[in-house]
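Below is one structure, written out as C-alpha cells; the observations come after it.
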Amino acid sequence: MVKFYKFFEYAYLVIALLFAFEAYRIWNEEPNQAYLFLGFVAVAIFMFFFKRRFRKKVEERQKQ
C-alpha cells in the first residue's frame with residue numbers, strides 16, 4: 001500500500017509540471033488565467049511534500 005502512496009506523491013509533481021507548462025504557454029494571451037495555473041502549481045507542490053511527510057509517518061508507525 002505504501003508504494004501506491006508513493007506513486008501519487010510523484011503524480012502531484014507531474015501535475016505541477018503540466019500546470020507550469022500551461023501557465024507558460026498562455027502567459028502572454030491571458031495573464032490572469034496563467035496566475036491561476038501558477039496557484040495550482042503551488043498547491044500541487046505543497047501536496048507533494050504533505051503527502052510525503054504523511055507517508056513517512058505511516059511507515060514509521062508500521063516499523064514500531
Side-chain angles (χ1 to χ4, degrees):
M1 191 70 167
V2 175
K3 290 182 181 182
F4 185 70
Y5 290 134
K6 198 179 275 192
F7 169 75
F8 277 106
E9 285 176 17
Y10 291 105
Y12 281 114
L13 288 181
V14 170
I15 291 168
L17 287 173
L18 292 173
F19 280 136
F21 174 75
E22 186 64 20
Y24 175 76
R25 191 181 67 78
I26 66 170
W27 185 265
N28 289 331
E29 298 153 7
E30 297 183 43
N32 289 334
Q33 193 172 7
Y35 286 127
L36 179 67
F37 281 115
L38 290 176
F40 288 148
V41 169
V43 168
I45 291 172
F46 168 77
M47 287 300 294
F48 167 76
F49 287 111
F50 179 78
K51 292 286 189 177
R52 174 177 251 177
R53 187 171 148 241
F54 182 76
R55 179 183 52 85
K56 288 186 178 190
K57 280 185 179 182
V58 169
E59 287 176 349
E60 286 297 319
R61 279 190 220 150
Q62 288 177 353
K63 288 181 183 177
Q64 293 177 358

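The first residue of the sequence shown is numbered 1, and numbering continues consecutively from there.
- Of all heavy-atom pairs between Glu9 and Lys51, the closest is OE2-O, 3.7 Å.
- With values rounded to the nearest 0.5 angstrom, Arg61 atom CZ is found 7.0 Å from Lys57 atom NZ.
- By the rule that hydrophobic residues join a cluster once side-chain heavy atoms approach within less than 4.5 Å of another member, Ile45 and Tyr12 end up as members of one cluster.
- Interatomic distance, Phe54 CZ to Glu59 CD, rounded to the nearest 0.5 Å: 11.5 Å.
- Linking Ile, Leu, Val, Met, Phe, Trp and Tyr residues whenever their side-chain heavy atoms come within less than 4.5 Å leaves Tyr24 and Leu18 in two separate clusters.
- Hydrophobic clustering (side-chain heavy atoms under 4.5 Å, transitive across Ile, Leu, Val, Met, Phe, Trp, Tyr) keeps Leu13 apart from Phe21.
- Leu38 and Phe40 are members of different hydrophobic clusters when ILVMFWY side chains are connected at heavy-atom separations under 4.5 Å.
- Every pair passing salt bridge (charged side-chain N to carboxylate O under 4.0 Å, His left out) that includes a residue from residues 15-26 is listed here, sequence neighbours excluded: Glu22-Arg25.
- Applying the side-chain contact (heavy atoms from CB on, under 4.5 Å) test between Lys56 and each of Arg53, Arg52, Glu60 identifies Arg52 as the sole match.
- Taking the six-membered ring for Trp and thresholds of 30 and 60 degrees, Phe4 and Phe8 have ring planes more than 60 degrees apart, a perpendicular arrangement.
- Under the 30°/60° scheme for interplanar angles, the aromatic rings of Phe46 and Phe50 are found to lie parallel.
- Rounding to the nearest 0.5 angstrom, the gap separating the CD1 atom in Ile26 from the OH atom in Tyr35 is 11.5 Å.
- In this structure, Leu17 stands alone, with no Ile, Leu, Val, Met, Phe, Trp or Tyr side-chain heavy atom under 4.5 Å from its own, directly or through other members.
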